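Take a look at the structure below.
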Amino acid sequence: MVVAFFVTTIFSVIIYKYVPVYVTPLMVIRTVSSSQSIHHKWISLEEMPKDIVKAVIASEDAYFLSHNGFDFKAIKQAIEHNKKNNKTKRGASTISQQTAKNVFTFGSRTWFRKGIETYYTILIELIWGKERIMEVYLNVVELGNGIYGAEAAARHYWGISSNELSKKQSALMAAALPNPLYYSITRPGPYMQKRQKQIQE
């Protein structure tokens, strides 16, 4: 069983290095639980503007290009913050970890899921590399109710393709992460506007 687990998981990561990820566990969960339709269109990283790549790195993972999948400094800071503060919890997931969670797990808040996420994070860092991780992330990340990926979000919110996104629009989209179901892209409040400006700088 152990051998079968490693063979299956490694094979799935190798497959997704070359094959577009059209459906993720999160999409299935959202569809089943709320009967919402899925808006998702896969495009290559080359078709996306550099501004959206820079924006999500600035918003979610400043050291994405230099770490090996885990930001240990951010993890330490999050642990210290969460020990002192019971009201607000701070996360420290990198883009690599978020991608692993979105594509290979069902997102439940358990230590077992976190362990699986860690395992897949190591695999995609080793097998995919940074460009593929970013490509998959920008294609599957949730950006609203039933909206997955930068292309679907650009079409839904502005009626344009993602390669037409302005720097301001890219920053606004990134500002909604990591809670796009709470923060509105169409009606950004003061916090979103502040985050948008910070990301643009």
Side-chain angles (χ1 to χ4, degrees), residues 15-62 64-65 93-107 124 128-201:
I15 289 294
Y16 275 141
K17 180 176 181 177
Y18 305 102
V19 177
V21 182
Y22 291 117
V23 179
T24 67
L26 179 62
M27 294 179 194
V28 174
I29 291 171
R30 293 279 195 254
T31 301
V32 172
S33 63
S34 62
S35 299
Q36 67 182 16
S37 57
I38 295 175
H39 301 278
H40 177 237
K41 181 175 175 60
W42 179 278
I43 62 171
S44 68
L45 188 62
E46 289 73 22
E47 295 176 87
M48 297 182 189
K50 291 182 180 179
D51 284 335
I52 188 63
V53 175
K54 293 177 181 178
V56 296
I57 289 176
S59 173
E60 293 294 284
D61 188 359
F64 172 70
L65 295 175
S93 291
T94 62
I95 285 174
S96 301
Q97 288 174 278
Q98 292 177 46
T99 304
K101 179 184 72 174
N102 288 341
V103 177
F104 298 105
T105 80
F106 283 90
I124 65 175
W128 288 4
K130 297 296 185 181
E131 285 192 13
R132 180 59 175 177
I133 291 172
M134 179 59 70
E135 182 174 59
V136 173
Y137 175 79
L138 286 174
N139 271 289
V140 303
V141 66
E142 188 175 31
L143 284 163
N145 285 310
I147 312 299
Y148 300 93
E151 180 67 15
R155 291 173 181 268
H156 177 79
Y157 295 116
W158 295 289
I160 59 176
S161 178
S162 61
N163 60 18
E164 299 175 87
L165 286 170
S166 67
K167 187 175 182 180
K168 185 176 181 180
Q169 289 168 329
S170 296
L172 183 60
M173 191 183 294
L177 301 169
N179 197 345
L181 299 184
Y182 179 79
Y183 296 114
S184 175
I185 292 177
T186 54
R187 295 185 298 276
Y191 172 79
M192 280 280 285
Q193 292 173 15
K194 180 181 177 181
R195 287 281 294 138
Q196 181 186 31
K197 290 179 181 178
Q198 292 173 336
I199 292 168
Q200 281 185 263
E201 293 175 353

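Source: prediction; values computed, not measured. For this chain, numbers begin at 1 and follow the sequence in order. The figures that follow rest on heavy atoms only: side chains count, while hydrogens, waters and symmetry mates do not.
With contacts defined as side-chain heavy-atom distances shorter than 4.5 Å, the pair L165/D51 does not qualify. Looking at N102 and Y148, their side chains never come closer than 4.5 Å, going by heavy atoms from C-beta outward.
A salt bridge does not link K197 to E201: none of the charged nitrogens lies less than 4.0 Å from a carboxylate oxygen.
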Go through the steps to decide whether E60 and V141 satisfy the test side-chain contact (heavy atoms from CB on, under 4.5 Å), and finish with yes or no.
CA-CA 12 Å; E60 293 294 284; V141 66; over 6 Å; no
Applying side-chain contact (heavy atoms from CB on, under 4.5 Å), run through E47 and S162 and close with a yes or a no.
CA-CA 8 Å; E47 295 176 87; S162 61; 5.8 Å; no
Full working for side-chain contact (heavy atoms from CB on, under 4.5 Å) between I185 and W158
CA-CA 10 Å; I185 292 177; W158 295 289; 3.8 Å; yes
Verdict with reasoning, V136 to W42, per side-chain contact (heavy atoms from CB on, under 4.5 Å):
CA-CA 9 Å; V136 173; W42 179 278; 3.9 Å; yes
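Between the side chain of H40 and the main chain of Y22, a donor-acceptor pair closer than 3.5 Å is present. Using modelled atom types, no side-chain atom of R132 and backbone atom of I124 make a donor-acceptor pair closer than 3.5 Å.
By the 30° and 60° cut-offs, the orientation of the rings of H39 relative to H156 is tilted.
Counting heavy atoms of neighbouring residues, nucleotides and ligands inside a 6.0 Å radius, atom NZ of K130 exceeds 12 of them.
Shown here for A171 and Q200, the closest heavy-atom pair between the two residues is CB-CG, 3.4 Å. Looking at every heavy atom in both residues, Y137 comes nearest to V56 through CE2-CB, 4.2 Å. Shortest non-hydrogen contact noted between M48 and E135 is CE-O, 4.4 Å. Nearest approach of S96 to I133, heavy atoms of both residues: OG-CD1, 3.8 Å. Closest approach of A150 to I52, counting heavy atoms only: CB-CG1, 4.4 Å.
Note that OG1 of T94 and CD1 of I57 are 11.5 Å apart. Values are rounded to the nearest 0.5 Å. Rounding to the nearest 0.5 angstrom, the gap separating the OH atom in Y157 from the CG atom in L172 is 9.5 Å. Between the CZ atom of R155 and the NZ atom of K41 there is a distance of 5.5 Å, given to the nearest 0.5 Å. Taken from CG in L143 to CG in L177, the straight-line distance is 5.5 Å, to the nearest 0.5 Å. We find the CG-CD1 distance between N145 and I38 to be 12.5 Å, quoted to the nearest 0.5 Å. In this structure, the separation between OG1 on T31 and CG on L26 is 9.0 Å, given to the nearest 0.5 Å.
Counting only residues at least two apart or in different chains, side-chain hydrogen bond (donor to acceptor under 3.5 Å, both in side chains) contacts with residues 165-179 comprise S166-Q169. Within the structure, the side-chain hydrogen bond (donor to acceptor under 3.5 Å, both in side chains) test picks out the following pairs touching residues 182-196 (sequence neighbours left out): S59-R195, S184-T186.
Using modelled atom types, one finds no donor on one side chain facing an acceptor on the other under 3.5 Å when comparing S161 with E164.
Take K17 and apply the side chain to side chain contact (heavy atoms under 4.5 Å, CB included) test, not counting sequence neighbours, and it matches I127, W128.
In summary, of the residues considered (T99, N139, I95), a side chain to side chain contact (heavy atoms under 4.5 Å, CB included) with M134 occurs for I95 alone.
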